[in-house]
Protein chains: 2
Amino acid sequence: MSDENMTEEEFLKNYDLRKYAPVGVTVDLTIFTIKNGKLSVLLIERGDHPFKGQWALPGGFVDTTESLEEAAARELKEETNLSIEDGYLEQLGTYGRPGRDPRGFIVSTAYVALAPNIETPTAGDDARNARFFAIDEVLSKDFDLAFDHADIITDGLDRVRAKIEYAPIAPKFISDDSFTISELRNVYEIVWGIQLVPSNFRRKVQSVKDFLVPVGEKRTSDLPGGRASDLYKAGSADVIYPPLRGPMSDPSIAAEDF
Amino acid sequence: MSDENMTEEEFLKNYDLRKYAPVGVTVDLTIFTIKNGKLSVLLIERGDHPFKGQWALPGGFVDTTESLEEAAARELKEETNLSIEDGYLEQLGTYGRPGRDPRGFIVSTAYVALAPNIETPTAGDDARNARFFAIDEVLSKDFDLAFDHADIITDGLDRVRAKIEYAPIAPKFISDDSFTISELRNVYEIVWGIQLVPSNFRRKVQSVKDFLVPVGEKRTSDLPGGRASDLYKAGSADVIYPPLRGPMSDPSIAAEDF
DNA sequence: CCAATAGTGTCTCTTAGACATTATGTA
DNA sequence: TACATAATGTCTAAGAGACACTATTGG
């Protein structure tokens with residue numbers, strides 16, 4: 001039967017993807033958190049070939065019964081026990097350079113996740129070694145990451161630094177449901193790597209509609225001294241407008257700071 | 001030989017991706033242009049199953065010898081004869097919902113391309129029907145696009161509308177190498193679907209460092225009347241700062257206009 | 001001259017950045 | 001009390017939006 005006259009049903013009955021060149025699809029996660037005052041990313045030590053023994057982003061092959069998003073959410077849950085609602089998960093991009101995986105033509109769709117400071121990532125059933133590394137350590141020249149994961153982490157870092165300007169995702173770095181404006185400012189300072197003027201930061205975040213809602217309680221610092229601070233929780237805003245301009249958006253700052 | 005004691009070379013010699021579930025990787029392009037004063041997207045009429053006879057984004061399977069970017073650039077060249085330098089090409093995202101392609105588990109990495117108003121897309125060797133459609137027509141309820149391409153076009157449209165705020169890509173819509181500020185403003189007005197105040201737009205784009213460089217010539221309008229306008233060409237800026245705020249970034253405008 | 005578009009100037013209001021001042025907590 | 005941090009207020013300069021005005025073209 002010629003292709004021309006086949007119905008779509010007939011075509012699909014005869015169709016077999018296996019005839020074509022073998023390819024694979026994986027997801028990889030850049031799970032960011034703030035640990036010891038530094039922006040950090042979760043890595044796992046690979047227990048199998050390829051890159052056995054090297055550090056890599058958590059991830060794995062996508063099951064053909066799940067979407068990419070579901071595969072990423074599954075990995076996030078496995079590694080951090082965070083559900084997609086508590087944490088934050090967003091597609092970063094897809095990496096498909098031939099040769100990036102020695103097993104064959106395997107494209108990987110990378111996701112960015114944000115996590116609060118969780119004590120120890122759940123190692124999962126497999127006895128994999130998993131822990132958070134400071135970003136600057138991971139991106140240093142002598143840190144030997146598997147695959148093209150250094151590229152992915154670099155892109156993920158850029159994404160996070162740019163996105164906290166206009167998306168209300170910074171609270172995802174904070175463990176508690178409620179937080180102070182100083183804690184929020186601290187997140188921005190760590191992610192951007194610059195100091196912010198507290199009073200101006202306060203004015204700006206408070207002027208953003210539905211970004212922060214006052215909880216009505218105060219928290220006294222664990223350090224000696226200092227006025228108790230008001231607590232806030234994340235509001236319903238889905239955009240920060242006007243954005244909190246960081247060093248990513250202004251070329252004049254970016255030139256000197258990165 | 002157990003997996004435990006294999007070297008990486010031995011592992012890879014035995015490894016065969018074909019053993020796993022069959023998957024496919026395609027690229028799809030949302031090639032935007034401005035035609036008849038409307039933002040438009042290139043569609044091709046599918047000559048083969050699946051979705052034979054329906055309109056779809058140009059694209060196809062990725063060759064395992066090329067990167068995703070190269071595959072997208074190849075498609076762009078085939079469809080519009082634009083090289084990646086003249087046009088503009090950027091990864092949009094990857095779509096992997098099971099069932100999106102009836103042939104099997106096929107993920108598609110979508111790219112956004114911008115093209116000047118080209119007369120007729122090169123139909124290519126294959127006798128496919130290909131032409132630009134106005135965005136609002138394509139995204140109307142009764143336009144029956146193949147696959148999940150309506151989702152991809154919607155996302156691509158959002159990307160373009162957001163990105164012309166801070167990236168100097170608007171000139172890519174203009175055929176000529178040099179252009180007037182009115183022509184540039186026209187691009188923004190069409191993409192955003194709003195009217196801009198000419199004098200304020202002029203002041204803002206001219207204040208962006210290295211965005212526009214004067215050519216030193218004037219162009220007289222083809223219409224009767226009107227002062228001759230200065231010509232500019234795209235400069236070396238890779239970011240527009242401060243951004244040209246459109247309706248995408250300001251929730252108060254977005255609410256009423258979309 | 002008129003009509004039409006390009007380009008300049010001006011006014012006001014908002015916002016950002018810098019920093020002073022006041023408030024409230026602990027040692 | 002001293003000290004530390006939170007919260008508020010103030011000043012100035014830059015930028016945005018609205019719109020008036022001038023310049024240059026063709027008919």
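So that the names make sense, note that chain A is the first sequence line, chain B the second, and so on, each numbered from 1. All of these numbers come straight from a predicted model, not from anything done at the bench.
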Integer-rounded Å distance: [N] [atom2] and [X] [atom1]:
X        : N      : atom1 : atom2 : answer
A/Lys218 : C/dA23 : NZ    : P     : 13 Å
A/Arg203 : D/dT8  : CZ    : P     : 13 Å
A/Leu196 : C/dA16 : CG    : P     : 13 Å
A/Arg185 : D/dT5  : CZ    : P     : 10 Å
A/Phe201 : D/dA7  : CZ    : C1'   : 14 Å
B/Arg227 : C/dA3  : CZ    : P     : 20 Å
B/Asn200 : C/dT10 : CG    : P     : 15 Å
A/Asp250 : D/dG15 : CG    : P     : 11 Å

- Sole residue of A/Gln206, A/Glu183, A/Glu217 in side chain to side chain donor-acceptor pair (under 3.5 Å) with A/Tyr232: A/Gln206
- Message: Return whichever of B/Glu183 or A/Gly226 has its heavy-atom-nearest nucleotide of DNA chain C closer to the 5' end.
- Response: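 By nearest-heavy-atom nucleotide position, the 5'-most residue is B/Glu183.
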- Message: I want to confirm an ordering. Mapping B/Asp230 and A/Pro242 to their closest nucleotides on DNA chain C, which one lands closer to the 5' end?
- Response: B/Asp230
- Message: Whether A/Ser182 contacts D/dA6 is assessed here as follows: a side-chain N or O lying under 4.0 Å from the phosphate OP1 or OP2. Is that the case?
- Response: yes
- Are any of B/Lys204's side-chain N or O atoms less than 4.0 Å away from OP1 or OP2 of D/dG17?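 Indeed, a polar side-chain atom of B/Lys204 lies that close.
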Which nucleotide, [options], lies nearest any side-chain atom of [X]?
X        : options               : result
B/Ala228 : C/dA6, D/dA18, D/dT25 : D/dT25
B/Thr220 : D/dG26, D/dA6, C/dA16 : D/dG26
B/Arg202 : D/dA7, C/dC19, C/dT8  : C/dT8

- Item | Heavy-atom check, side chain of A/Tyr241 versus side chain of A/Lys209, under 4.5 Å |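 Counting from C-beta outward, A/Tyr241 and A/Lys209 never come under 4.5 Å.
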- Message: Using a 4.0 Å heavy-atom cut-off, does B/Thr180 contact any base of the nucleic acid, only the sugar-phosphate backbone, or nothing at all?
- Response: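 Nothing, no heavy atom under 4.0 Å.
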- Item | Verdict with reasoning, B/Leu157 to B/Val41, per side-chain contact (heavy atoms from CB on, under 4.5 Å) | CA-CA 9 Å; B/Leu157 178 61; B/Val41 66; over 6 Å; no
- So, B/Tyr188 side chain and B/Ile164 main chain: donor-acceptor pair closer than 3.5 Å or not?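 Yes, because the side chain of B/Tyr188 sits within donor-acceptor range (under 3.5 Å) of the backbone of B/Ile164.
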- Message: Between B/Arg159 and B/Glu90, does any NZ, NE, NH1 or NH2 come within less than 4.0 Å of an OD or OE carboxylate oxygen?
- Response: yes
- Task: For B/Arg245 and for A/Ser199, find the nucleotide of DNA chain D with the closest heavy atom, then tell me which residue's nucleotide is more 5'.
- Result: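 By nearest-heavy-atom nucleotide position, the 5'-most residue is A/Ser199.
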